[in-house]
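Structure first, then comments.
In what follows, every chain begins at residue 1, and chains take the letters A, B, ... in the order their sequences are listed. Excluded from the calculations below are hydrogen atoms, water molecules and symmetry mates; all remaining heavy atoms, backbone and side chain alike, are included.
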There are 2 protein chains.
Amino acid sequence: MVSKKLGGRRAPTESDVAKLAGVSQSAVSRAYTKGASIAQKTREKILQAAKELGYQPNLMARSLATNQSNIIALAISNLENPFYANVAQQLSSQLREIGKHILLFTSPSDDETDPMLERALSYQVDALIMTATMASPELALQCKKAGVPIVQINRGSKIAGVSTVWGENHRAGEVAAEHLLKTKHKRFAFVAGSKTSSTSQMRQDGFIEHLAKSGIKNVPIEYGEYSFSGAANAARKLLSSKNRPDAIFCASDYMAFSVLDVAKREFNLNVPNEVSIIGVDDVPEASHSAYDLTTFSQPAGALAKAAIEIVEKMNSESSRRAMHIEVEGQLIIRGSTKA
Amino acid sequence: MVSKKLGGRRAPTESDVAKLAGVSQSAVSRAYTKGASIAQKTREKILQAAKELGYQPNLMARSLATNQSNIIALAISNLENPFYANVAQQLSSQLREIGKHILLFTSPSDDETDPMLERALSYQVDALIMTATMASPELALQCKKAGVPIVQINRGSKIAGVSTVWGENHRAGEVAAEHLLKTKHKRFAFVAGSKTSSTSQMRQDGFIEHLAKSGIKNVPIEYGEYSFSGAANAARKLLSSKNRPDAIFCASDYMAFSVLDVAKREFNLNVPNEVSIIGVDDVPEASHSAYDLTTFSQPAGALAKAAIEIVEKMNSESSRRAMHIEVEGQLIIRGSTKA
DNA sequence: TCAGCTTTTGCATACGTATGCAAAAATACA
DNA sequence: TGTATTTTTGCATACGTATGCAAAAGCTGA
C-alpha cells in the first residue's frame with residue numbers, strides 16, 4: 001500500500017521517538033499533549049530524541065484520533081477584491097496564533113454556494129467561514145449534522161444555525177446620506193451590489209430612508225454586482241442621465257473605485273466638485289492618493305476577530321446556537337467628497 | 001476520548017454504509033477507489049446507501065492510510081499585493097479541478113521563511129508552493145527528507161532541490177529600457193524590490209545593462225521593499241533629486257502605483273509628459289484608468305499552471321530533481337508612458 | 001521500614017480508510 | 001456438465017496518534 005517516495009525514508013513516528021528515548025509510544029504522545037500526565041524529566045528526554053530524529057507529529061493521524069483537525073475552511077469568492085483579500089489575511093494571521101490553519105476554497109461566482117464546499121466537511125474542518133458567498137440551506141444542514149459551525153462574514157443569512165458577522169450596514173447608509181446632505185449635495189444615487197445581497201440591501205435602506213427624512217425621494221439605483229466592470233456600467237448609466245447626480249454612494253470601495261474612474265476619465269468630471277463619491281469598507285487602497293476615497297469603514301481585523309470568537313465559542317461549548325456580531329465602523333472623510 | 005459534539009450523532013462511516021448496503025467495509029472503500037476491483041452492481045448499491053446516509057469520506061483517515069493528503073501548502077507573504085492574491089486565486093481554482101486544495105500560510109514579512117511552515121509538513125501536504133517568500137535551506141532539507149516538492153513562484157533559489165517558476169525577469173528590464181529609449185527619455189531610474197530578491201535583481205540587470213549599451217551609466221536605484229510605503233519613499237528620493245528622472249522603471253506594479261501617486265499628488269507632475277512609469281506584473285488594477293499603467297506582464301494563470309505541472313510531475317514520478325520553468329510575458333503599453 | 005497516597009508509565013484499543021491475500025462467486029470454454 | 005480462468009468479495013492488518021485503565025514507581029509521614 002505505502003508507495004514510499006523514492007529513496008525518501010519514511011518520516012519518523014512516535015514509535016521511532018519512543019524507541020530512541022527508551023519509553024513507550026504513549027509516553028511520546030503525552031509529551032506533546034498539554035496537561036497530560038508525564039514527568040518533566042521524561043518529557044525532556046523525549047523532546048530531545050524527537051529533535052534528533054527530526055520528528056514532526058502527523059496531524060492527519062492526530063485528527064483521526066481526536067476528531068478535530070485544527071483546520072478551518074474559508075470559502076471566499078473573489079480574492080481580487082482587496083476587501084476580501086484583507087479579511088483572508090487577517091483570518092490567517094489571527095488563526096495562526098491559536099494554532100489553526102486555513103483550507104482555502106475559492107469559488108467562481110459571488111453569492112452562490114460552491115458545491116465543492118461539501119467536500120470541506122470531508123476534511124473534518126473545525127468550522128466553515130464564508131465571505132462573499134452564501135451558505136445554501138443544504139450545506140447548512142450538512143454542517144449541522146456534522147457539528148461544524150458556519151460563520152458568514154459580511155452577508156446575512158436567514159438560515160437557522162448560521163452565524164453572521166457584519167459591519168454597521170444600515171448605519172453606513174445613514175451616515176453617508178447625512179454627510180452628503182450636510183455638505184449641500186442635491187442629486188443622490190446609489191450603486192448597489194447584487195439584488196440578493198442583504199448587506200447591500202441594508203446599506204441601501206439606511207441611505208434611502210435617511211434621505212427620505214429630508215424629503216428626498218426617487219433616488220436612482222443601479223446594480224454593480226460587486227464587480228469592477230459592473231460598477232462601471234452602473235456609473236455610466238447614472239452619469240449620463242439627464243439629471244446627473246452630484247453624490248454617489250457605493251455599496252463597496254471596490255465598486256467606488258470603478259465609479260471614480262468612470263467619472264473622471266469618461267465623463268471628465270471633477271471629483272469632488274462636480275460629483276462626490278462615498279464607498280464602504282475602507283480597504284487599504286482607499287487611502288492611496290490615486291483614489292483618496294471617503295468611505296465608511298468596515299475593519300477587516302475586527303471582522304476576522306469576531307468570526308474566530310464565534311467559532312471558538314461554539315466549538316468549546318459544543319453549542320449549535322448561532323451567534324451574530326456587529327462590528328463598528330466609522331465614516332472616514334477623504335478627498336472624494338467636497339467639504 | 002471522542003468528545004461527541006452535543007447531540008450531533010457522529011458522521012456516518014464506511015462501516016455504516018457497508019451495513020446498510022449489506023456488504024463489507026472494504027467493498028465500500030473500493031466503491032470510492034477509481035480502478036478498484038468491484039462489480040458495477042455492487043458499486044451502485046453502495047453509492048445509493050451512501051447517499052441515503054449522507055456519507056462523506058473522511059479524508060483524514062484516507063490520508064493516513066494512503067500517505068497523501070491532496071492538500072498543497074501555499075505560503076504567501078502578502079495577500080494585499082494584488083499580484084499574489086491573483087496567483088493564489090489561480091492556484092486555488094486550477095487545483096480544485098484536479099481535486100486538490102490549498103492550506104494557506106501567510107507570513108508576516110516578505111523573503112523570510114516562516115518557522116510555522118515546518119508545521120505544514122505535519123499535515124502531510126503533497127507539496128509546498130511558495131510565493132513572495134523564500135525557502136530556507138533547513139526547510140528545504142526537511143521537505144526533501146519527507147519527499148515533499150517545493151516550488152517557488154517568482155523568486156529564485158540556489159538551494160538544491162527547490163523548483164522555481166518565474167517570468168522573464170531579465171527580459172522585462174531590457175524591454176522596459178528599450179521602450180523608454182525609443183520614446184526619447186533621457187534620465188532613468190529604477191525602483192527595486194528588496195536587496196535579497198533575485199527577481200528584482202534580474203529585472204534591474206536587464207534594465208541597467210540595456211541602458212548601458214546606449215552609453216547610459218549611473219542610473220539611480222532606490223529600494224521600495226515591495227511595499228506601498230517603501231516605494232513612496234523611494235519615489236520621493238528620486239523625484240526630489242536635482243537631476244529628476246523622466247522615466248522610472250519599478251520592479252512591481254504595486255510599487256509603480258505608489259510611485260505614480262507620489263509623482264502626481266506630491267510633486268504635481270504630469271504623467272506621462274513629465275515622467276513615465278513602467279511596472280512589472282500586469283495586475284488587474286494596472287488596467288484601471290486610475291492607474292493606466294504600462295507594464296511588463298507576468299501572467300498569474302500561467303505561473304500557477306507551471307507550478308502545478310511541476311508538483312504533479314514530481315509527485316507522479318517520485319522524482320526529486322528540481323525543475324525550472326520560465327513563463328513568457330510581454331510589454332503592455334498604456335498611458336503611464338509617453339508615446 | 002511500611003502503609004497509604006500521588007504521580008507516572010505502559011498496555012490495549014479506538015479512530016476511519018486502504019489494500020494484499022485467499023476464499024468465493026461468476027464466467028468462459030470444452 | 002465439469003474444469004479452468006477471471007472477477008469480485010471479505011478478512012485481516014496497517015497507517016500514526018490519543019486515552020481509559022490498571023500496574024508500577026515515587027513520595028509522604030510515622
Side-chain angles (χ1 to χ4, degrees), chain A residues 1-5 9-46 50 53-70 119 121-125 146-147, chain B residues 1-5 9-46 50 53-70 119 121-125 146-147:
Chain A
M1 153 178 61
V2 180
S3 71
K4 262 175 216 164
K5 312 268 178 175
R9 52 187 187 300
R10 116 195 153 346
T13 71
E14 289 193 340
S15 302
D16 299 324
V17 176
K19 204 172 296 171
L20 180 60
V23 296
S24 73
Q25 174 266 322
S26 21
V28 179
S29 171
R30 281 190 259 262
Y32 283 92
T33 310
K34 225 180 77 169
S37 163
I38 188 169
Q40 184 57 28
K41 241 182 68 183
T42 8
R43 159 175 276 137
E44 277 160 19
K45 194 168 57 179
I46 289 171
L53 292 177
Y55 167 74
Q56 293 274 114
N58 181 327
L59 295 189
M60 296 299 185
R62 181 176 292 175
S63 157
L64 182 60
T66 60
N67 200 29
Q68 67 145 345
S69 60
N70 284 325
R119 293 188 44 97
L121 296 179
S122 297
Y123 283 102
Q124 315 300 110
V125 296
Chain B
M1 155 177 62
V2 180
S3 71
K4 262 175 215 162
K5 310 270 178 175
R9 54 188 186 298
R10 119 196 153 346
T13 70
E14 289 194 339
S15 302
D16 299 323
V17 177
K19 204 173 297 170
L20 181 60
V23 296
S24 73
Q25 173 266 323
S26 21
V28 179
S29 171
R30 281 189 258 262
Y32 284 92
T33 310
K34 224 179 77 170
S37 164
I38 188 168
Q40 185 56 29
K41 238 181 71 183
T42 4
R43 160 175 276 137
E44 276 161 19
K45 193 167 57 178
I46 289 172
L53 292 177
Y55 166 74
Q56 296 272 116
N58 182 328
L59 295 189
M60 296 299 185
R62 179 176 293 175
S63 157
L64 182 60
T66 59
N67 200 31
Q68 67 145 345
S69 60
N70 284 325
R119 293 188 43 98
L121 296 179
S122 298
Y123 283 102
Q124 316 299 110
V125 296

Candidates C:dA18, D:dT17, D:dT9 - which lies nearest the side chain of A:T13: D:dT17
Nearest to side-chain heavy atoms of A:A61, which nucleotide of C:dT9, D:dT17, C:dG16: D:dT17
Side chain A:E14 and base D:dA18 donor-acceptor under 3.5 Å: no
Presence of A:Y55 side-chain N/O under 4.0 Å of D:dT17 phosphate oxygens OP1/OP2: yes
Nearest-nucleotide 5' precedence on DNA chain D, B:I38 against A:N58: B:I38
Minimum-distance pair of heavy atoms, taken over all atoms of A:P12 and A:G54: CG-O, 3.9 Å
Interatomic distance, A:Y123 OH vs C:dG16 P [rounded to whole Å]: 18 Å
Length of the line joining B:K41:NZ and D:dT9:P, which is rounded to integer Å: 10 Å
Donor-acceptor contact present, side-chain A:S122 to main-chain B:L59, <3.5 Å: no
Spacing of A:N70 atom CG relative to D:dT17 atom P, expressed in whole Å: 15 Å
Sub-4.5 Å side-chain heavy-atom contact between A:L64 and B:N58: yes
D:dT9 phosphate, OP1 or OP2, under 4.0 Å from B:T42 side-chain N/O: yes
Interatomic distance where OH belongs to B:Y32 and C1' belongs to C:dG16 [whole Å]: 14 Å
Length of the line joining A:N67:CG and C:dT13:P, which is rounded to integer Å: 22 Å
Nucleotide nearest B:S29 when distance is taken to its side chain, options C:dA18, D:dT17, C:dT9: C:dA18
B:Y123 side chain near A:N70 side chain, heavy-atom distance below 4.5 Å: yes
Selection from D:dC15, D:dT19, C:dT17 that lies nearest to any side-chain heavy atom of B:L64: D:dC15
For atom CD of B:Q25 and atom P of D:dA14, their distance in whole Å: 15 Å
A:S26 or B:V23, whichever maps to the more 5' nucleotide of DNA chain D: B:V23
Nearest-nucleotide 5' precedence on DNA chain C, B:R62 against A:S24: A:S24
Nucleotide nearest A:R30 when distance is taken to its side chain, options D:dG20, D:dT17, D:dA12: D:dG20
Minimum side-chain heavy-atom gap A:V17-A:E14 below 4.5 Å: no
Interatomic distance, A:L59 CG vs D:dC15 P [rounded to whole Å]: 19 Å
For atom CD of A:Q124 and atom C1' of C:dC15, their distance in whole Å: 10 Å
